[in-house]
Amino acid sequence: MDLQLKGKKVLVMGSSTGIGKTIAKVFKDEGAEVALCSRNLENLEKTAKELGCKHFFSCDLSKPGQGEFAVLQTIKLLGGIDILINNTGGPKKGHFLEISDDQWHEDFQSLWMSVVESLKVALPEMQKNDFGRVILITSLAAKEPLSGLTTSNGLRAGLAGLCKSIANEYAPHGITLNLLLPGYTNTERLKELNLSDERVKSLVPAGKLGDPIELANLAVFLSSPFSGYITGQSIAVDGGALRGH
Ligand SMILES: NC(=O)c1ccc[n+]([C@@H]2O[C@H](COP(=O)([O-])OP(=O)(O)OC[C@H]3O[C@@H](n4cnc5c(N)ncnc54)[C@H](OP(=O)(O)O)[C@@H]3O)[C@@H](O)[C@H]2O)c1
């Protein structure tokens, strides 16, 4: 199926590794023009070479103003933006009393304000063409708190409410916003947790870790013109790990 993404201008944030990199690859395979960003320029350069992406730049989404900068830079490099994939690194673990105020501010900037800043620039640009797609990569934590991921549990649940509100506001302009909630997905970040096969089987009804491509394929479909009637949704890609419905 041709997803009609050829020539679409896409920014994938947090795209040197993991889920972001895989999403960027699928967009490239579909013929989209893709800009990549993350903090470490050397890693990004390697990924850009591997994927055949000409456009990439360094940015740190945990710093104020960098969400806005990333979209402006993309518009400068690609001549516009049709599709925005908001993605960044996961926050540090910590139980409530272990988390300093500085950590709260950093995670709020990274998980929340980088989204607000980037949307303030991207939405008016998308509105000019009566077409736009925004996908936020969040976490199962948005629906079901994960032990020790306190800031993620709080901020990501709130983001779903914010995005539903923005999705309704922008639906008349041909712009959709959806959230994808990765479950236990096989990336560098997850490898650090070193989960045993038994533990994975107990956490995930499908009995295995997710492959980033399983989430990337959905992200790219939700970015295509075919998905125009799907907006404001939070969709888990988790092999059944969320216990609620
Ligand atoms: N993998 C899972 O099982 C899983 C489950 C639930 C939720 N998630 C969420 O999904 C997202 C992606 O996870 P992943 O597994 O793909 O992670 P990953 O493999 O660690 O990749 C994270 C990407 O984001 C970049 N990044 C990190 N911090 C950044 C910052 N401050 N500013 C800009 N870029 C930054 C990293 O590059 P640099 O380090 O060079 O910046 C890298 O390209 C995370 O938010 C994570 O919490 C993942």
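On a predicted model such as this, the values are computed, not experimentally measured, just so you know. The figures here come from the full heavy-atom set of this structure, side chains too, leaving out hydrogens, waters and symmetry mates. Both ligands and their constituent atoms are indexed starting at 1 by order of listing.
A side-chain donor-acceptor contact under 3.5 Å links Ser62 and Asp60.
At a heavy-atom cutoff of 4.0 Å, ligand 1 is surrounded by Gly14, Ser15, Ser16, Thr17, Gly18, Ile19, Ser38, Arg39, Asn40, Cys59, Asp60, Leu61, Ser62, Asn87, Thr88, Gly89, Gly90, Ile137, Thr138, Ser139, Arg156, Pro182, Gly183, Tyr184, Thr185, Thr187, Arg189, Leu190.
Listed by first and then second residue, the side chain to side chain donor-acceptor pair (under 3.5 Å) pairs involving residues 147-162 are Asp107-Thr151, Ser152-Arg156 (not counting sequence neighbours). For the side chain to side chain donor-acceptor pair (under 3.5 Å) condition, no pair includes a residue of residues 136-146, sequence neighbours left out.
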Full working for salt bridge (charged side-chain N to carboxylate O under 4.0 Å, His left out) between Lys21 and Glu50: CA-CA 10 Å; Lys21 175 181 173 181; Glu50 189 185 323; 3.1 Å; yes
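Salt bridge absent: Lys201 and Asp197 never bring a charged side-chain N and a carboxylate O closer than 4.0 Å.
When the ring pair (Phe, Tyr, Trp, His ring centres under 6.0 Å) test is applied to Tyr184, no partner is found at least two apart in sequence or on another chain.
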